[in-house]
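Here is the structure we will look at, set down as structure tokens.
Note that this is a predicted model, so its numbers are computed, not measured. Proteins get letters first, then strands, A, B, ... in listed order; numbering begins at 1 in each.
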There are 2 protein chains.
Amino acid sequence: MDHSEKKTQSRAESLYIAVKDMAISFKFKPGERINEVDLARRMGASRTPLREALNRLVAEGFLVLKQGRGFFCRDLKPREMFELYQFRAVLEVAAVRLACEQATEQEVAELMQFLDETGPDEDGQTSEELVTLDEYFHEKIMALSRNMEMSKTLENVNARIKYFRWVDMDSKRKTTQKEHRAIVEALMARDADLAAQRMNAHIAKRLDQITAAVKESYSRIYLVT
Amino acid sequence: MDHSEKKTQSRAESLYIAVKDMAISFKFKPGERINEVDLARRMGASRTPLREALNRLVAEGFLVLKQGRGFFCRDLKPREMFELYQFRAVLEVAAVRLACEQATEQEVAELMQFLDETGPDEDGQTSEELVTLDEYFHEKIMALSRNMEMSKTLENVNARIKYFRWVDMDSKRKTTQKEHRAIVEALMARDADLAAQRMNAHIAKRLDQITAAVKESYSRIYLVT
DNA sequence: GAACACATAACTGTATACAATACTAATCAT
DNA sequence: ATGATTAGTATTGTATACAGTTATGTGTTC
């Protein structure tokens with residue numbers, strides 16, 4: 001019973017995935033120019049499919065294309081990160097409101113169960129793993145809103161602030177979990193206003209720490225391991 | 001004193017603009033396959049820059065890329081249009097809330113003046129022109145929110161539902177204008193809740209007419225002029 | 001007449017070659 | 001030294017060629 005359609009993805013597609021990953025984790029430094037021949041050789045492909053992948057990443061905001069000068073990594077500016085964070089809050093607040101109308105009892109129960117299983121007890125996890133867990137929760141909420149378009153956009157926004165979210169994730173585990181719980185409880189009660197308010201507080205809490213977090217991100221990026 | 005930097009845009013860039021325009025106005029039929037050699041010849045370019053433009057349009061949701069089968073026009077399904085419309089409402093409601101905090105007195109005054117100048121008197125305009133005017137108003141509001149990321153996304157969402165918005169724009173001019181006015185008045189009073197509520201009502205009004213409007217869009221698309 | 005198989009044509013995906021532009025560095029003038 | 005100028009190099013942007021896949025049409029069988 002194997003429905004895994006292997007699809008034999010094209011070179012351009014796998015390049016897209018790989019390079020996107022590099023962009024997310026700032027393997028390219030902010031503002032850095034990307035040498036096509038170099039990167040193509042390292043990825044074991046030709047420039048044509050690579051450039052197609054790079055173009056997609058430009059459209060998604062991971063890279064910038066400057067006329068005649070090639071592709072560059074996006075900047076890491078506090079202002080942009082602030083806007084993305086604000087955007088994220090807007091999307092998630094809207095999502096949890098819609099989820100209050102759309103989600104089935106079972107789905108909400110499953111979400112609560114997920115929180116139980118990943119409780120605050122086991123905190124031997126890396127910052128990366130915590131972000132992944134956190135992202136999973138938020139994307140699950142978004143899925144309950146039944147709006148694919150908003151889902152896709154949130155996924156993109158999250159990817160663009162992912163690196164940056166690593167920073168302040170340590171040590172916040174227990175609070176996060178508690179807040180997630182409170183959100184799902186409001187969701188269970190179908191109290192859209194309460195859920196929205198809690199979600200907003202949960203995300204907006206960090207808005208004013210952004211400048212500091214961006215600075216810390218820089219050190220992570222330029223620190224040679 | 002001519003600061004117009006002509007930038008001599010690349011072939012890929014101009015192709016992107018031209019093909020995007022075609023996609024917005026459904027010059028490609030929903031689900032239709034796009035023949036690269038054909039289109040490249042018609043646009044007077046080679047396939048390489050064309051494919052780069054097409055890849056960007058895939059990332060932006062105007063086209064779909066199917067493995068080994070090429071590029072296709074996006075579908076025009078009621079469900080997707082509904083989601084985009086819902087998304088638009090979310091973005092604009094958030095924008096008007098932020099605008100209440102961020103906009104200067106002068107900016108709000110200018111917006112009101114814009115409404116005065118394009119008043120309900122001159123209704124000898126085409127449906128297209130009305131949509132453009134309507135879009136301008138809404139994008140102006142978004143600009144006042146001071147969030148470029150949300151702005152860009154709204155622009156994308158608007159472009160994808162633009163064709164579809166033509167449909168019910170006729171004859172609604174006076175109501176639209178009145179509602180826009182009411183929104184700006186709430187904005188002037190810095191009443192975020194009222195502004196948000198009015199904006200939401202203004203957009204959500206049409207959510208239930210979408211299936212009908214999509215049907216009408218089909219007839220527009222397939223009607224040979 | 002319908003369904004299948006096969007051959008042919010058309011088209012996509014990728015590599016490579018070339019032209020135009022931007023960058024680098026060395027030279028010269030101040 | 002410092003700044004401008006220019007020759008040379010590296011790199012991007014585009015065209016073209018080719019390989020592999022998908023679509024098409026014909027013929028054959030039932």
Side-chain angles (χ1 to χ4, degrees), chain A residues 3-23 27-75, chain B residues 3-23 27-75:
Chain A
H3 276 265
S4 66
E5 311 189 11
K6 252 283 164 262
K7 277 278 179 183
T8 54
Q9 65 189 2
S10 63
R11 209 68 119 244
E13 182 70 16
S14 60
L15 283 171
Y16 163 75
I17 294 169
V19 178
K20 179 174 177 176
D21 226 66
M22 296 171 71
K27 287 282 192 285
F28 313 111
K29 312 298 175 231
E32 183 192 7
R33 178 176 178 174
I34 294 172
N35 187 320
E36 295 173 17
V37 284
D38 236 53
L39 187 56
R41 179 163 37 227
R42 271 191 296 162
M43 310 296 276
S46 126
R47 280 178 60 218
T48 310
L50 173 62
R51 280 180 60 94
E52 293 193 357
L54 294 176
N55 269 288
R56 285 178 65 180
L57 293 171
V58 168
E60 291 178 6
F62 290 102
L63 303 177
V64 180
L65 175 57
K66 297 183 187 175
Q67 180 59 243
R69 309 196 40 229
F71 296 90
F72 293 77
C73 180
R74 71 193 187 282
D75 285 328
Chain B
H3 277 264
S4 65
E5 310 189 10
K6 251 286 161 255
K7 278 278 181 182
T8 55
Q9 66 189 1
S10 64
R11 206 70 124 248
E13 182 69 18
S14 60
L15 282 171
Y16 163 74
I17 293 169
V19 178
K20 180 175 178 176
D21 224 68
M22 295 171 71
K27 286 281 193 286
F28 313 111
K29 311 297 174 234
E32 182 192 7
R33 178 175 177 175
I34 294 172
N35 187 321
E36 294 173 17
V37 285
D38 236 54
L39 187 56
R41 181 163 40 227
R42 270 190 296 163
M43 311 296 276
S46 124
R47 280 178 61 217
T48 309
L50 174 61
R51 280 180 59 96
E52 293 194 359
L54 294 176
N55 269 287
R56 286 177 64 179
L57 292 171
V58 168
E60 292 179 3
F62 291 102
L63 303 177
V64 180
L65 175 57
K66 297 184 186 173
Q67 178 61 242
R69 308 197 42 230
F71 296 89
F72 294 77
C73 181
R74 70 192 187 281
D75 284 329

To the nearest angstrom, how far is B/Leu50 atom CG from C/dG13 atom P? 12 Å
Looking only at D/dG13, C/dA15, C/dT12, the nucleotide nearest the B/Glu36 side chain is C/dT12
In whole angstroms, how far is the C1' atom of C/dA22 from the CD atom of A/Gln67? 11 Å
Give the rounded distance in Å between these two atoms: CZ of B/Arg11 and C1' of D/dA15. 10 Å
Within the 4.0 Å heavy-atom criterion, would you say B/Leu54 contacts the bases, only the backbone, or no part of the nucleic acid? nothing
Take the protein atom CE of B/Met43 and the nucleotide atom C1' of D/dT14, then report the distance between them rounded to whole Å. 16 Å
Rounded to the nearest 0.5 Å, how far does CZ of A/Arg33 lie from CG of A/Leu63? 14.0 Å
Length of the line joining B/Asn55:CG and D/dT14:C1', which is rounded to integer Å: 16 Å
B/Glu13 CD to C/dA20 P: how many Å, rounded? 21 Å
DNA chain D: 5'-proximal contact among A/Arg51 and B/Arg33 (nearest heavy atom): A/Arg51
For A/Gly68 and A/Gly44, find the nucleotide of DNA chain C closest to each by heavy atoms; which residue's nucleotide sits nearer the 5' end? A/Gly44
D/dG13 base to A/Arg47 side chain: any donor-acceptor pair below 3.5 Å? yes
Distance check needed: C/dT24 P versus A/Asn35 CG, whole Å only. 12 Å
Using a strict 4.0 Å threshold on nitrogen-to-oxygen distance, state whether B/Arg56 and B/Glu13 make a salt bridge. yes
Assess whether a salt bridge exists between B/Glu32 and B/Lys27, defined as any Lys/Arg side-chain N lying under 4.0 Å from an Asp/Glu carboxylate O. no
Shortest non-hydrogen contact between A/Phe72 and A/Gly31, atoms and distance: CD2-O, 3.4 Å
In whole angstroms, how far is the C1' atom of D/dT24 from the CZ atom of B/Arg69? 13 Å
Nucleotide of C/dT14, D/dA23, D/dG13 approaching B/Ser10 most closely (side-chain heavy atoms): D/dG13
Can a donor-acceptor pair under 3.5 Å be found between the side-chain atoms of A/Thr48 and the base atoms of C/dT16? yes
Across the strands shown, which category fits B/Leu15 at heavy-atom distances under 4.0 angstrom: base, sugar-phosphate, nothing? nothing
Closest to side chain of B/Phe71, choosing from D/dA15, C/dA15, C/dG13: C/dG13
Taking for each residue the nucleotide of DNA chain C bearing the nearest heavy atom, is the 5' side occupied by A/Glu52 or by A/Phe72? A/Glu52
4.5 Å side-chain heavy-atom contact, B/Leu65 and B/Leu54: no
